[in-house]
Amino acid sequence: MGDKGERALWGSRLGFLLAAIGSAVGLGNIWRFSYTVYDNGGGAFLIPYFTALLVAGIPLMILEYALGHSQKGSTPLAFFKISKKWEVVGWWLPMVATVAVLFFYAVVIAWCLDYFVFSFSLGWGDDTAKFFVNHYLKASGDSSVMGGFNVRVAASTAIVWFVCWLICYREVNHGIEKACLVFMPLLLILTSVLVVAALRLDGSMDGIKMYLKPDFHKINLFSNPDAWKVWTAAFGQIFFSLSLGFGIMITYASYLPKKTDIVGNAVWTCIANSAYSIFTGLAVFGVLGFMAHAKGVGVADVASGGGKLAFIVYPTAISKLPFDAPWRNLFGVAFFLALVVAGISSAISLVEALVCALTDKFGISRGGVVTFLCVAGFLGSMTYVTGAGSSIMDIVNPYADQALVLGGLLECILVAWIMKAAVARKHVNDSGGVHLPKIWEFVVKYITPTVLIIILSLSATNLVKQFYSGKANVAAHVMFGIRGIAITALFAWGLTMFKWHRKSHKPEDEHLLT
Ligand code: PFF
């Protein structure tokens with residue numbers, strides 16, 4: 001809220017777009033996308049990926065923007081204004097995203113920050129795997145063996161949360177908007193430098209061919225019984241990458257002015273995010289191709305995704321780059337700085353979703369809420385600063401994906417069925433900008449929910465199968481996955497017991513306050 005109690009607005013459309021793109025473009029684009037493409041059929045994966053974008057990504061982005069903009073409120077307030085009973089879901093979405101994603105996401109940004117520093121001296125040595133797992137993380141390799149508390153990682157995580165605090169402390173138009181006006185161009189420059197440098201390496205083209213070489217069998221639902229996993233991965237990637245189901249885009253849209261181009265904004269956010277993902281993939285696989293060439297092995301032998309790619313494979317490649325001394329180090333500096341910038345611009349968006357929710361509800365000062373959340377976030381992140389941290393991350397990850405898809409499904413039900421898709425579409429078209437065609441109503445009412453229900457059931461069945469086959473550690477799943485979902489739901493429900501503060505309502509909403 002502004003000084004006089006009215007809601008802050010983005011300073012410009014560009015500022016809003018860069019903030020939304022900043023939320024979407026994150027660690028997921030750099031270390032998750034290209035490997036997911038490679039591992040799930042290469043160029044052929046782009047078919048399920050773009051299908052997921054058209055069936056769920058763009059329609060839900062429009063839906064989240066329309067919801068936040070029409071209700072002028074954070075996720076719980078927007079849900080509450082449509083149906084009082086749904087407030088609990090509005091709290092649960094950003095809360096479960098914070099617990100299941102942001103707590104560990106901040107720690108991974110902290111790793112990137114440390115590796116950014118190591119890059120100057122190539123401090124990871126010759127055995128990058130041993131350095132990362134044993135020396136740096138001091139990982140125990142088991143979610144039940146806590147191991148020691150890692151002071152170095154804890155200190156870097158504190159820096160990450162401090163930066164989030166610094167940016168979020170001020171209203172969005174002064175804090176997040178200004179930060180993203182610097183972060184996003186910087187990220188584009190860093191990534192372009194990485195892509196150009198990677199493409200000049202011997203063997204880079206082999207890597208890129210492997211990245212995009214289509215394998216249609218992998219995605220063929222009729223001939224391949226495992227193809228559904230590829231399709232689920234495509235939807236998971238779209239949700240995570242576009243920050244859908246977190247409550248973030250609803251919050252960001254609530255700061256848009258009355259007249260705005262909702263469809264145009266949604267389409268631009270989605271295009272920029274996918275274009276950035278595909279573009280960074282060139283740098284990732286260009287370097288993997290070079291590594292394979294230098295070692296005289298196939299690209300498949302060096303390719304990997306996630307933490308292994310960024311903290312083990314990439315550092316090895318950087319040490320081997322055929323550039324002269326400072327340039328080799330600077331390649332590492334640029335890579336890890338890009339990860340830090342992309343990560344922070346996503347993390348602040350989720351902090352904002354909760355800040356906005358709490359200030360809307362209690363009418364308390366923004367600064368106090370931001371301080372409380374960043375300290376709580378830092379403490380939550382400490383789970384991942386022990387030797388068990390990376391093992392717990394592996395367990396929590398699939399639950400986060402499921403929670404986001406479930407969030408998307410609940411949003412569809414709320415807007416398309418309770419608020420009514422036609423009302424939402426009318427709001428979008430009355431706000432100006434690109435016209436939203438009637439087919440959108442059909443998509444969000446029937447197509448998107450059906451597809452999301454199928455995806456959720458397939459993943460749930462798979463998890464149960466893993467439990468029965470003994471492949472998953474049931475106790476660890478209950479402890480870190482199922483318990484997290486239950487506890488956040490309980491807290492969400494507890495928050496609905498309090499009354500909404502008057503400042504978050506317009507006079508015509510007075511009836512909602514009783
Ligand atoms: N869109 C982000 C990414 O692809 O990395 C996902 C994200 C993670 C958003 C954590 C917000 C957040 F706090």
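Counting starts at 1 for both ligands and their atoms, following the listed order. All residue numbers refer to positions in the sequence shown, counting from 1.
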What's the separation between atom CD1 in Ile312 and atom OG1 in Thr128, rounded to the nearest 0.5 Å?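 Result: 6.0 Å between the selected atoms.
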
Determine which pairs satisfy side chain to side chain donor-acceptor pair (under 3.5 Å) with at least one residue from residues 90-100, sequence neighbours left out, and list them in order.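 Qualifying pairs, neighbours excluded: Glu87-Trp91, Trp92-Thr488.
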
Hey, which of Phe335, Trp124, Tyr136 is the one that makes ring pair (Phe, Tyr, Trp, His ring centres under 6.0 Å) with Phe118?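 Of the listed options, the one satisfying the test is Tyr136.
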
Of Phe16, Trp268, Tyr252, which meets ring pair (Phe, Tyr, Trp, His ring centres under 6.0 Å) against Tyr65?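 Output: one option passes, namely Phe16.
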
State which residues pass side chain to side chain contact (heavy atoms under 4.5 Å, CB included) with Val182; sequence neighbours excluded, sorted by chain then number.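 With neighbours one apart ignored, the set is empty.
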
Sequence neighbours excluded, which residues qualify as side chain to side chain contact (heavy atoms under 4.5 Å, CB included) partners of Leu188?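 Partners of Leu188 by the side chain to side chain contact (heavy atoms under 4.5 Å, CB included) criterion, ordered by chain and then number, come out as Ser192.
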
Between the protein and ligand 1, which nitrogen or oxygen pairs come in under 3.5 Å, and how far apart is each?
residue, atom, partner, partner atom, Å
ligand 1, 1 (N), Ser23, O, 3.0
ligand 1, 1 (N), Ala24, O, 2.8
ligand 1, 1 (N), Phe240, O, 3.0
ligand 1, 1 (N), Ser241, O, 3.0
ligand 1, 1 (N), Ser243, OG, 3.1
ligand 1, 4 (O), Ala24, O, 3.3
ligand 1, 4 (O), Asn29, OD1, 3.4
ligand 1, 5 (O), Leu27, N, 3.3
ligand 1, 5 (O), Gly28, N, 3.0
ligand 1, 5 (O), Tyr105, OH, 2.6

